[in-house]
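See structure below.
Bear in mind that the values here come from a model prediction, so they are computed numbers and not experimental data.
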Amino acid sequence: MPAAVDDPPLPSHLQLEITSACNLRCLMCLVRYRPPVNKLAGAMPPELFHRLVEEMPGLRRLTLQGLGEPLLSPYLMEMVSTAVGRDIAVGFNSNATLLTRRRAEELVASGVDWLHVSLDGAGAAGYERVRDGADFDRVVANLAGLVEAKRAAGSATPWIRVVFVAMRDTIDELPDLVRLLGRIGVDELHVQNLSHSFSDADPAGRYAEIREFTADQALWIGADTGRAAAVFGEAAAVARKMGVRLRLPHAGAPPAAAPPAGPACSWPWDAAYITSTGVVQPCCMVMGDDRVRLGRLSERSFPEIWHGEAYREFRRRLGGDEPPAVCQGCSLYRRTF
């Protein structure tokens with residue numbers, strides 16, 4: 001944690017939800033449990049994006065993703081171009097359903113630094129149940145097309161990573177997914193746990209459904225520790241053989257609390273998450289712009305919010321013995337992500 005405990009310098013990294021619209025209804029995503037959002041109404045206005053870039057002269061990294069699908073934003077390429085032109089590292093995560101070969105070639109030519117693709121299974125049945133509305137064969141073909149477009153251009157970018165959300169119903173497919181990615185030529189596979197337990201939410205409130213889903217599927221519960229460890233071990237062996245870089249999460253139950261040396265999360269000191277409507281939140285793990293709000297860009301500038309009392313108090317609590325309730329159920333805070 002930086003020396004300025006509750007009032008650090010402006011961050012060099014922003015994560016922007018450039019759209020809250022999505023074309024899928026994934027089981028583990030809050031989008032599934034909310035009314036659909038029109039892709040135009042859900043897009044972050046370009047005026048807000050450019051204002052943020054201007055307010056942040058020290059910005060060095062932009063992550064253009066949130067609860068929605070970035071390829072649905074009509075302003076995505078304009079935002080990438082702006083970042084590249086300012087020598088800001090930029091990238092995003094996609095479900096790849098809309099990642100046609102033409103879009104892949106356009107993105108490779110744009111200079112975007114990284115492109116992560118969500119793929120939670122090695123076959124159609126399991127994947128399409130989790131990623132409701134997606135077509136497994138099309139997504140795999142689109143991913144392969146991205147790899148081919150990058151090779152054809154002789155480009156070092158974007159760095160291509162597949163992201164797999166480990167859950168009780170998906171974990172057994174992991175070794176076969178590594179084999180598939182090795183054949184396609186994907187650079188890396190990043191395996192992560194579910195991001196939040198929603199334990200701070202009212203059990204009967206508007207987060208009840210996703211809270212119940214997480215309680216049923218999360219590997220951190222501990223009941224599947226042995227099984228997860230065995231699958232992770234097999235996947236690691238396959239990754240070494242196939243030449244796939246593999247990142248695995250903690251396989252067991254989380255620690256009871258963050259270590260006494262300090263908070264297990266540095267987000268409120270190093271970066272910020274901003275929704276498509278300009279709500280400033282401490283990180284991307286929160287999900288739901290009603291769960292914690294540190295300011296609105298319709299009311300104040302980002303520097304004013306960053307140095308404001310709400311942010312300062314959040315940092316003090318996160319660095320203390322009683323962190324905010326929204327942090328206590330976070331798998332990044334609990335070191336299980």
Go through the steps for Arg316 and Glu313 under the test salt bridge (Lys or Arg N to Asp or Glu O under 4.0 Å), then give the verdict. CA-CA 5 Å; Arg316 284 194 288 266; Glu313 175 62 18; 3.2 Å; yes
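Between Asp200 and Arg291 a salt bridge is recorded (basic side-chain N to carboxylate O distance below 4.0 Å). A salt bridge does not link Glu209 to Arg32: none of the charged side-chain nitrogens sits closer than 4.0 Å to a carboxylate oxygen. Between Arg315 and Asp6 there is no salt bridge, since none of the side-chain N atoms of the basic residue sits less than 4.0 Å from a carboxylate O of the acidic one. A salt bridge is defined here as a Lys NZ or Arg NE, NH1 or NH2 lying under 4.0 Å from an Asp or Glu carboxylate O, and Glu128 with Arg138 fails to meet this definition. Ion pairing of Asp172 with Arg227 is present here, as a side-chain N (NZ or NE/NH1/NH2) and a carboxylate O approach within less than 4.0 Å. The existence of a salt bridge linking Glu54 and Arg51 is excluded, since no basic side-chain nitrogen approaches an acidic carboxylate oxygen closer than 4.0 Å.
Seen from the ring of Phe314, Arg293 does not count as a face-on cation partner, given the 6.0 Å and 45° thresholds.
Val279 and Leu52 are assigned to two separate hydrophobic clusters, defined by single-linkage of ILVMFWY side chains at heavy-atom distances under 4.5 Å. Residue Val163 is not grouped with residue Val139 when hydrophobic side chains (ILVMFWY) are merged at heavy-atom distances under 4.5 angstrom, including chains of intermediate members. Following chains of ILVMFWY side-chain contacts shorter than 4.5 Å, one cannot reach Val130 starting from Leu24, and the two form parts of different hydrophobic clusters. Cluster annotation: Trp114 is not connected to Leu107 through the hydrophobic network of ILVMFWY side chains, with a link wherever side-chain heavy atoms come within less than 4.5 Å. Tracing side-chain contacts under 4.5 Å through hydrophobic residues (I, L, V, M, F, W, Y), one never reaches Phe337 starting from Val165; they form parts of separate clusters.
The nearest pair of heavy atoms linking Val108 to Ala153 is CG1-CB, 3.8 Å. Residues Arg151 and Ile184 approach most closely at NH2-O, 3.9 Å, considering heavy atoms. When all heavy atoms of Asn193 and Ala166 are compared, the closest pair comes out as OD1-O, 4.0 Å. Summarising the geometry of Val84 relative to Val90, their closest heavy-atom pair is CG2-CG1, 4.1 Å, with the distance given to 0.1 Å. The two residues Pro74 and Leu40 make their nearest non-hydrogen contact at CG-CD2, 4.1 Å. Shortest non-hydrogen contact noted between Arg101 and Glu148 is NH1-OE1, 3.3 Å.
Going from atom CG of Leu71 over to atom CG of Asn142 covers 9.5 Å, rounded to the nearest 0.5 Å. Between Phe164 atom CZ and Leu181 atom CG the span is 10.5 Å, to the nearest 0.5 Å. Here the CZ-CG distance, from Phe232 to Leu219, works out to 6.0 Å after rounding to the nearest 0.5 Å. To the nearest 0.5 angstrom, Leu64 atom CG is 11.5 Å from Asn93 atom CG. Annotation: the span from Leu62 atom CG to Thr82 atom OG1 amounts to 9.5 Å, rounded to 0.5 Å. Within the model, atoms CG of Leu67 and SG of Cys22 stand 9.0 Å from one another, a figure rounded to the nearest 0.5 Å.
Annotation: side chain of Leu115 is in contact with side chain of Phe92 (closest heavy-atom distance under 4.5 Å). Side-chain contact between Leu119 and Phe136: present, with at least one pair of heavy atoms (C-beta onward) separated by less than 4.5 Å. At least one side-chain heavy atom of Arg103 sits under 4.5 Å from a side-chain heavy atom of Leu76. Considering only heavy atoms from C-beta on, Arg179 stays 4.5 Å or farther from Lys241 through its side chain. Taking 4.5 Å as the limit, every side-chain heavy atom of Met287 sits out of range of all side-chain heavy atoms of Cys29. Using a 4.5 Å heavy-atom threshold, the side chains of Pro323 and Leu318 count as touching. Considering only heavy atoms from C-beta on, Leu143 comes within 4.5 Å of Ile160 through its side chain. Taking 4.5 Å as the limit, some side-chain heavy atom of Met167 sits within range of a side-chain heavy atom of Met28.
Classified by interplanar angle (parallel below 30°, tilted 30° to 60°, perpendicular above 60°), the ring pair Phe198/Tyr207 is parallel.
Counting heavy atoms of neighbouring residues, nucleotides and ligands inside a 6.0 Å radius, atom CD of Glu78 exceeds 12 of them. More than 12 heavy-atom neighbours from other residues, nucleotides or ligands sit within 6.0 angstrom of CG on Asn38. Other residues, nucleotides and ligands place no more than 12 heavy atoms under 6.0 Å from the CZ atom of Arg245. More than 12 heavy atoms of other residues, nucleotides or ligands lie within 6.0 Å of CD in Glu309, so this atom counts as buried by the packing criterion. Within a 6.0 Å sphere centred on CG of Asp290, heavy atoms belonging to other residues, nucleotides or ligands number more than 12.
Listed for the Gln281 side chain is a donor-acceptor partner under 3.5 Å among the backbone atoms of Gly288. Counting only distance, with no hydrogens or angles, the side chain of Trp220 and the backbone of Leu194 share no donor-acceptor pair below 3.5 Å. Side-chain atoms of Arg312 come within 3.5 Å of backbone N or O of His307 as a donor-acceptor pair. Side-chain N or O atoms of Thr336 include one that pairs as donor or acceptor with a backbone N or O of Ser331 at under 3.5 Å. Without hydrogens or angle criteria, Gln15 side chain to Gln65 main chain gives a donor-acceptor distance under 3.5 Å. A donor-acceptor pair under 3.5 Å links the side-chain atoms of His196 to the main chain of Val326, judged by distance alone. Looking at Ser266, its side chain never comes within 3.5 Å of a backbone N or O of Trp269 through a donor-acceptor pair. Checking side-chain atoms of Gln217 against main-chain N and O of Asp169 turns up a donor-acceptor pair under 3.5 Å. Between the Ser298 side chain and the Gly278 main chain, no donor and acceptor come within less than 3.5 Å of each other. No donor-acceptor distance shorter than 3.5 angstrom exists from the side chain of Glu234 to the backbone of Pro175, with no hydrogens or angles considered.
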